[in-house]
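What follows is a single structure, written as structure tokens, with notes after it.
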Amino acid sequence: MNAQQDAPVDSWRGLPAAQQPTWPDEQALGGVLSDLAAAPPLVFAGECDQLRSRLASVARGDAFLLQGGDCAETFDAVSADQVRDKVKTLLQMAAVLTYATSVPVVKIGRIAGQYSKPRSQPTERRDGAELPVYRGDAVNGLEFTAKSRTPDPERLKRMYHASAATLNIVRAFTTGGYADLRQVHDWNQDFVASSPVGERYERLAREIDRALAFLQACGAQPREFRSTEFFSSHEALILDYEAALTRRDSRTGQWYDVSGHMIWIGERTRQLDGAHIEFASKVRNPIAVKLGPNVTADEALALIDRLDPDQEPGRLSFITRMGAGRVRDVLPGLVEKVTASGAQIAWICDPMHGNTFTAPSGHKTRRFDDVLDEVRGFFEVHRELGTHPGGIHVELTGEDVTECVGGGADIRLDDLAHRYESACDPRLNRYQSLDLAFQVAELYQDRIVTRDLPRPATELLAAD
Ligand code: PEP
Ligand code: CO
């Protein structure tokens, strides 16, 4: 791969770019960006292509996507234990979902690059003092002091190194034998045994147990049991960083953003004539766009024109985040018009961002029941229309935090202060995440979600 130079991916420069930091020292920024432009890629173009082909299966209805991780990663949390526990939680969820959906589950972390945040206000006031808002560890610090809140471009380099370290742990964990499916299933059985509502999940856990025992008895030792594909993703927010990590693929001459396998454009930066969509249109990575309840079908169609003009399955995913109260009203018209256009989009449900509220204690939180209800609404809409509910996108952690209320362990509003550690939005903790996976699995078992029997394996292989 060549370092980025006079790239066609520079066409975003000069267009309005929302949510960019104001760096105090342009020269320092320039130095950092040229170092990054010379740095090795974090991911490889071939891996991005692999993910695109997996997402094509999602778009066609032959696979399900599980995407999850922190709202905002922090440099302090780059430890082997924290990364491992997050990936472990995702793998546990994926095992349950694979069994329930009977299709492969594509696993993508909000990980190894999720260090910058769009904000609704440029500044924050506390006790009469006003300072720039925290924009993620890539930009400034969470601590409420003038020094910490001043954007520092050196942080972009720390973001690169933190992403590299995280990816290294993820790769070791997912391919080094630790994440063997039988091991993952054992962890799930521990969860069922220890959860206050575990009884409810016992039947499903037993069925999975029997399926695994059957395969073992048959002598099946598939490679997929011992290692698993796992991809990285983050919001492509700070365009200077993303552009500095864009390289031309020596095999094909195409441009890839090698900061992560999939990048997404957020609800606040998806303006059709803005810099973010222009940038995304020029790189070959799989792209996702977040769509909130005010999106129009025409906007969605225009996004397809810009980002997926060849209507290539796997290229574009829409991550809808409507809120539990709106999903059943807003989603049908959108899915209907997009489907009628012939585009093959992977539809993903983010049941987090439309369901945030502030607790009396001042903590930003979400109710587990609202999260589950939005997922349920998403499935209902797709069942009604005969389209594929492609997957879920959640904010979660492997830690035992108290940031969202409800779930099997019944965290209450009063409990939020115990362990509220998110640098930004509230995440499902480990138990709530597994609760969600088991309950989504139940939606399948209760036929709230119906799908045709999976296509024969031979046909699936041919389609890949
Ligand atoms: C996020 O995913 O953390 C986020 C900010 O989402 P959205 O763009 O959907 O608001
Ligand atoms: Co968030």
Side-chain angles (χ1 to χ4, degrees), residues 4 7-20 33 36-37 41-43 45 47-49 51-56 58-59 65 67 108 110 112-118 136 138 163 231-249 252-292 295 299-321 338 343-348 350 393:
Q4 169 242 9
V9 285
D10 279 344
S11 58
W12 62 270
R13 295 185 199 277
L15 295 179
Q19 299 281 347
Q20 301 307 287
L33 295 179
L36 287 174
L42 291 171
V43 302
E47 297 173 326
C48 301
D49 292 345
L51 176 57
R52 207 175 41 251
S53 101
R54 301 290 180 254
L55 291 168
V58 173
L65 171 65
Q67 186 172 20
I108 308 183
R110 282 175 68 111
Q114 181 53 20
Y115 290 103
S116 58
K117 297 311 300 172
S163 302
F231 298 96
S232 68
S233 70
H234 61 269
E235 176 171 354
L237 185 69
I238 301 181
L239 291 176
D240 279 324
Y241 176 85
E242 303 300 332
L245 280 167
T246 298
R247 309 277 186 273
R248 190 197 284 280
D249 174 18
T252 61
Q254 311 243 28
W255 295 91
Y256 286 77
D257 181 346
V258 294
S259 69
H261 297 115
M262 171 202 259
I263 52 171
W264 79 82
I265 306 298
E267 164 74 355
R268 276 168 265 202
T269 51
R270 61 170 171 76
Q271 298 80 12
L272 283 161
D273 53 0
H276 290 84
I277 294 296
E278 177 64 20
F279 172 79
S281 75
K282 292 288 161 57
V283 294
R284 272 295 279 160
N285 305 58
I287 304 291
V289 182
K290 295 279 208 98
L291 301 179
V295 70
E299 271 176 295
L301 293 176
L303 284 166
I304 295 171
D305 275 351
R306 293 293 311 282
L307 297 172
D308 184 22
D310 301 329
Q311 302 202 341
E312 179 190 9
R315 159 69 178 170
L316 181 60
S317 304
F318 281 151
I319 304 174
T320 61
R321 25 89 88 223
V338 167
Q344 289 200 59
I345 301 296
W347 292 98
I348 313 303
D350 165 358
H393 176 121

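Just so it is clear, the model here is predicted, and its values are computed rather than measured. Start at 1 with the first residue, then count along the sequence.
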Check: Can Glu242 and His276 be counted as having a side-chain donor-acceptor contact under 3.5 angstrom?
Finding: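 No, His276 and Glu242 have no side-chain donor paired with an acceptor closer than 3.5 Å.
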Next item on the list: Answer yes if the side chains of His393 and Arg321 hold a donor-acceptor pair under 3.5 Å, and no otherwise.
Entry: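 Not at all, the side chains of His393 and Arg321 share no donor-acceptor pair under 3.5 Å.
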Notebook entry, point to check: Step by step, would you call Val338 with Leu301 a side chain to side chain contact (heavy atoms under 4.5 Å, CB included)?
Noted result: CA-CA 6 Å; Val338 167; Leu301 293 176; 4.3 Å; yes
Drop me the distance from [X]'s [atom1] to [Y]'s [atom2], to the nearest 0.5 angstrom.
X	Y	atom1	atom2	value
Leu239	Arg13	CG	CZ	8.5 Å
Leu15	Gln271	CG	CD	11.0 Å
Arg247	Leu245	CZ	CG	5.0 Å
Arg110	Asp350	CZ	CG	7.0 Å
Ser317	Ile108	OG	CD1	7.0 Å
Thr320	Glu267	OG1	CD	11.0 Å

At their closest point, which heavy atom of [X] faces which heavy atom of [Y], and how far apart are they?
X	Y	answer
Met262	Leu55	CE-CD1, 3.8 Å
Phe231	Glu47	CE2-O, 3.7 Å
Trp264	Gln114	CH2-OE1, 3.4 Å
Tyr115	Ser163	CE1-OG, 3.7 Å
Ala343	Gln311	N-OE1, 3.4 Å

Can you tell if the side chain of [X] reaches within under 4.5 Å of the side chain of [Y], non-hydrogen atoms only?
X	Y	result
Arg315	Gln344	no
Val295	Phe318	no
Ile277	Leu307	yes
Val43	Tyr256	no
Ile263	Val283	yes
Ile319	Leu291	no
Gln20	Asp240	no

With distance as the sole test, does [X] use its side chain to make a donor-acceptor pair with the main-chain N or O of [Y] at under 3.5 Å?
X	Y	value
Ser232	His261	yes
Asp257	Asn285	no
Arg306	Leu272	yes
Arg270	Lys290	yes

Notebook entry, point to check: Can we say Arg284 and Asp249 salt-bridge, meaning some charged N sits less than 4.0 Å from an Asp/Glu carboxylate O?
Noted result: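 No salt bridge links Arg284 with Asp249.
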Notebook entry, point to check: Are Glu312 and Arg52 within salt-bridge range, i.e. N to O under 4.0 Å?
Noted result: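 Yes, this pair counts.
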